[in-house]
There are 2 protein chains.
Amino acid sequence: MVTLAEVARHAGVSASTVSYVLSGKRSISAATRERVENSVRQLGYHPNAGARALASSKSNIIALMVPLRTDMYVPVMMEIAMAVATAARTHGYDILLLTGEEGAQAVRRIEGSALADAMILMDVELDDERLPLLRTASRPAVLIGLPADTTGLNCVDLDFAAAGALCAQHLADLGHREVAVIGEAAAVYERRTGFAERTLTGLRERSNELGLRLLHRPCEGSYASVSATLSRIFDERPGTSAFVVQNEAATDPLLALLRQSGRAVPEDVSVVAVCPDQVAAHASVPLTSVAVPAQEMGRRAVEQVIAKIEGRGSDEEVVLLAPELTVRESAAQAPAGV
Amino acid sequence: MVTLAEVARHAGVSASTVSYVLSGKRSISAATRERVENSVRQLGYHPNAGARALASSKSNIIALMVPLRTDMYVPVMMEIAMAVATAARTHGYDILLLTGEEGAQAVRRIEGSALADAMILMDVELDDERLPLLRTASRPAVLIGLPADTTGLNCVDLDFAAAGALCAQHLADLGHREVAVIGEAAAVYERRTGFAERTLTGLRERSNELGLRLLHRPCEGSYASVSATLSRIFDERPGTSAFVVQNEAATDPLLALLRQSGRAVPEDVSVVAVCPDQVAAHASVPLTSVAVPAQEMGRRAVEQVIAKIEGRGSDEEVVLLAPELTVRESAAQAPAGV
DNA sequence: CACCCCTGTCGAAGCGCTTCGACGAACTTG
DNA sequence: CAAGTTCGTCGAAGCGCTTCGACAGGGGTG
């Protein structure tokens with residue numbers, strides 16, 4: 001391994017000069033800089049990460065905590081994680097992948113070992129066990145998601161309440177009066193993952209304002225579950241003319257089952273989903289949907305956390321991305337005379 | 001931050017003694033050990049990762065390179081990544097997440113900076129640009145996937161050829177004679193990702209042995225693409241009574257389109273897929289499938305790479321996991337008289 | 001009983017880097 | 001033209017840990 005000292009010798013300068021060339025923290029004459037840069041290139045020098053971290057107490061690593069469970073939202077999680085990794089690299093940071101499994105334990109471990117300069121947490125529950133630790137931690141953290149109490153926390157998330165409202169609004173505008181919500185799996189609500197509840201709140205409030213009748217049912221992504229949920233919904237509310245799908249895994253089964261039961265989408269029944277654009281676009285009927293902007297969420301989280309690392313940026317900052325509804329083919333004017 | 005020295009003072013021993021208690025590399029009397037462990041606990045001591053890495057030239061980090069593209073196989077990738085992370089933690093390692101985007105560049109960076117003790121690479125192409133670097137690298141690496149030339153390389157993968165053969169066998173056993181293969185997207189073959197070709201080879205060879213007529217068509221995961229592929233297949237081979245699906249994203253559209261076209265699965269047409277068990281089990285018709293054992297692949301890769309880090313384990317070792325076919329409901333006896 | 005060996009502990013020397021203070025040399029400025 | 005600046009570079013200290021060699025003391029051996 002090539003060391004700083006070797007580069008220095010090769011360039012005929014002192015080690016500190018090389019260091020300053022690399023970091024740019026002191027002014028260096030153009031001639032010297034060039035000589036050093038040449039040596040770096042010729043010798044193929046890479047600074048030793050451990051030594052650098054030790055000397056500067058900065059690892060240039062951001063820890064990312066990804067939920068382990070694969071029962072929900074896998075593509076979104078993956079997309080966010082990859083966006084985070086990509087964005088971090090453009091700022092010179094690497095990503096340390098932590099599984100949600102380790103929980104608060106991992107927060108302590110990272111904090112204590114100075115392995116990472118900051119953390120980004122996904123899959124935040126409303127009353128997450130990791131929050132107290134983060135509030136008192138000496139290292140910055142950013143949540144992707146929104147807990148119940150955001151004091152002293154930095155968060156990035158889609159404004160799911162607004163997303164819900166947007167869905168209600170769109171369906172109301174199309175003349176629908178009875179709307180059913182295919183929710184997330186019951187487990188998601190029990191875990192009190194914020195986005196599910198917030199979407200629902202947004203849906204409910206806007207529905208009240210607009211005089212929509214709303215029926216919400218939790219639902220797994222399997223055919224059996226969607227099928228059962230669907231029967232119950234039509235039993236209770238035969239006049240249902242539109243669906244809002246919260247659980248992206250349920251979209252395909254829903255469309256298939258509606259078709260099987262002789263209901264055409266969007267002629268007889270409209271469907272609006274909250275899901276990544278890719279899922280919406282590739283469904284059997286391209287879905288009118290509110291996108292979950294995974295890429296942007298990841299990017300914003302990185303930018304926010306780096307701002308904090310560098311001493312810019314306030315503590316406590318909640319970024320709620322404005323939802324956008326894309327009209328595709330699954331939602332249309334309500335059938336007349338219902 | 002609590003340091004080793006503080007723990008030593010608190011326990012009334014020297015720093016080196018604390019270090020040896022922690023690493024177990026020299027024998028320490030039970031009394032001393034206990035005193036030190038107490039101090040560690042009381043002070044909430046965590047070793048500084050950078051310092052440790054510098055002194056021992058070991059970071060306890062394994063770099064994992066995950067493909068960036070989300071066009072294929074996302075759930076499998078995610079599952080492998082998570083399995084790798086989990087398995088690594090049980091051995092005391094953390095995972096550094098690299099995106100495939102960086103390519104060979106990242107290999108050099110990690111190697112040079114000593115950021116990680118080893119690498120695990122996913123989405124290996126047959127003639128991957130990263131391979132030469134890995135062969136000459138001073139740090140161990142394990143591939144998840146199988147390149148064309150495995151000399152000097154450690155690999156873990158499903159035996160996709162055997163998986164293909166297994167599918168052919170199963171369908172032949174059920175009396176099918178004309179089988180169509182819904183392949184991966186054309187881009188996957190162009191990239192020369194090994195598993196796609198190997199599956200096909202396995203299918204072809206066993207089909208030849210058993211006298212099956214095989215027709216292979218690349219196919220994207222969208223409804224439009226599956227629909228087009230399906231028409232072409234039935235045009236060319238109206239007698240087709242069974243499908244092998246390689247592209248997991250195509251399973252749902254395939255089942256839906258077959259149903260729409262009045263073909264019942266498995267009464268009229270059988271379907272066998274190569275995909276994760278979860279996908280197979282949750283399809284609208286539970287799929288008879290050969291599982292892609294993502295969890296096990298991740299775990300094995302970690303075990304192999306750690307063995308190499310610790311000086312155990314040979315260089316050049318190819319682990320091909322034996323495929324297993326699970327009978328569910330999508331494949332049945334070929335219709336009589338075809 | 002003199003010897004050696006083992007066990008448990010310590011001190012000190014780095015690992016490769018950053019960063020602070022110092023210091024000539026070259027420039028201003030009154 | 002003396003005094004004060006600024007600029008570019010260097011030396012040395014130190015980040016927190018691991019690890020090597022040393023060494024004291026207690027047992028076993030011949």
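Chain letters run A, B, ... following the sequence lines, proteins first, then strands; residues in each count from 1. Reckoned from all heavy atoms, side chains included, excluding hydrogens, waters and symmetry mates.
Within the structure, every side-chain polar atom (N or O) of Lys25(B) is placed at least 4.0 Å from both OP1 and OP2 of dT18(D). Within the 4.0 Å cut-off from OP1 or OP2 of dC10(C), at least one side-chain nitrogen or oxygen of Thr17(B) is found. Distances shorter than 4.0 Å separate some side-chain N or O of Ser29(A) from OP1 or OP2 on dT9(D). Contact between the side-chain N/O atoms of Arg26(A) and the OP1/OP2 oxygens of dC7(D) is not found at any separation under 4.0 Å. The phosphate of dT18(D) (OP1 or OP2) has a side-chain N or O of Ser19(B) nearer than 4.0 angstrom. Proximity of Arg52(B) to the phosphate of dG16(D): no side-chain N or O atom is located under 4.0 Å from OP1 or OP2.
Relative to the side chain of Ser16(B), the nucleotides dG11(C), dG16(C), dC17(D) differ in distance, and dG11(C) lies closest. In this structure, the nucleotide among dG16(C), dT18(C), dT19(D) sitting nearest to the side chain of Asn48(A) is dG16(C). Here the nucleotide nearest the side chain of Ser27(A), chosen from dC17(D), dT19(C), dG8(D), is dG8(D). Nearest nucleotide to the Ser14(A) side chain, out of dT9(D), dT9(C), dC10(D): dC10(D). Nearest to the side-chain atoms of Ile28(A) among the listed nucleotides dC10(C), dG16(D), dT9(D) stands dT9(D).
At whole-Å resolution of the value, CG in Leu4(A) and P in dG14(D) are 19 Å apart. Put simply, CG on Leu22(A) is 16 Å from P on dG16(C), counting in whole angstrom units. When rounded to the nearest whole Å, the span between CG of Asp117(B) and C1' of dT18(D) equals 15 Å. Separating the NE2 atom of His46(A) from the P atom of dC17(C) is a distance of 12 Å, rounded to the nearest angstrom. Following rounding to the nearest Å, Arg9(B) (CZ) and dC10(C) (P) show an atom-to-atom distance of 14 Å. Between Lys58(B) atom NZ and dT19(D) atom P there is a gap of 10 Å when expressed in whole angstrom units. Regarding Glu6(A), its CD atom lies at a distance of 9 Å from the P atom of dG16(C), rounded to whole Å. Distance CG (Leu54(A)) to P (dT18(D)): 12 Å, rounded to an integer number of Å.
The pair Arg191(B)-Asp128(B) does not count as a salt bridge, with every side-chain nitrogen at least 4.0 angstrom from each carboxylate oxygen. By the 4.0 Å N-to-carboxylate-O rule, Arg109(A) lies close enough to Glu102(A) to be salt-bridged with it. Salt bridge Asp117(B)/Lys308(B): absent, no basic N to carboxylate O contact under 4.0 Å. A salt bridge links Glu296(B) and Arg299(B); the closest N-O separation between the charged side-chain nitrogens and carboxylate oxygens is under 4.0 Å.
Checked by atom type and distance alone, the side chain of Arg300(A) never pairs as donor or acceptor with a backbone atom of Gln295(A) at under 3.5 Å. Although no hydrogens or angles enter the test, the distance criterion places a donor-acceptor pair under 3.5 Å between the side chain of Thr86(A) and the main chain of Met82(A). A donor-acceptor pair is defined here as one N or O able to donate and one able to accept, closer than 3.5 Å; such a pair exists between the side chain of Ser23(A) and the backbone of Lys25(A).
No donor-acceptor contact under 3.5 angstrom links the side chains of Arg35(B) and Asn38(B), judged on distance only.
Residue-to-nucleotide proximity on DNA chain D shows that, of Tyr20(B) and Gly12(A), the 5′-proximal contact is made by Gly12(A).
Across its full length, the helix from dC1(C)-dG30(D) to dG30(C)-dC1(D) shows an angle of 30° between the axes of its 5 terminal pairs at either end, rounded to 10 degrees.
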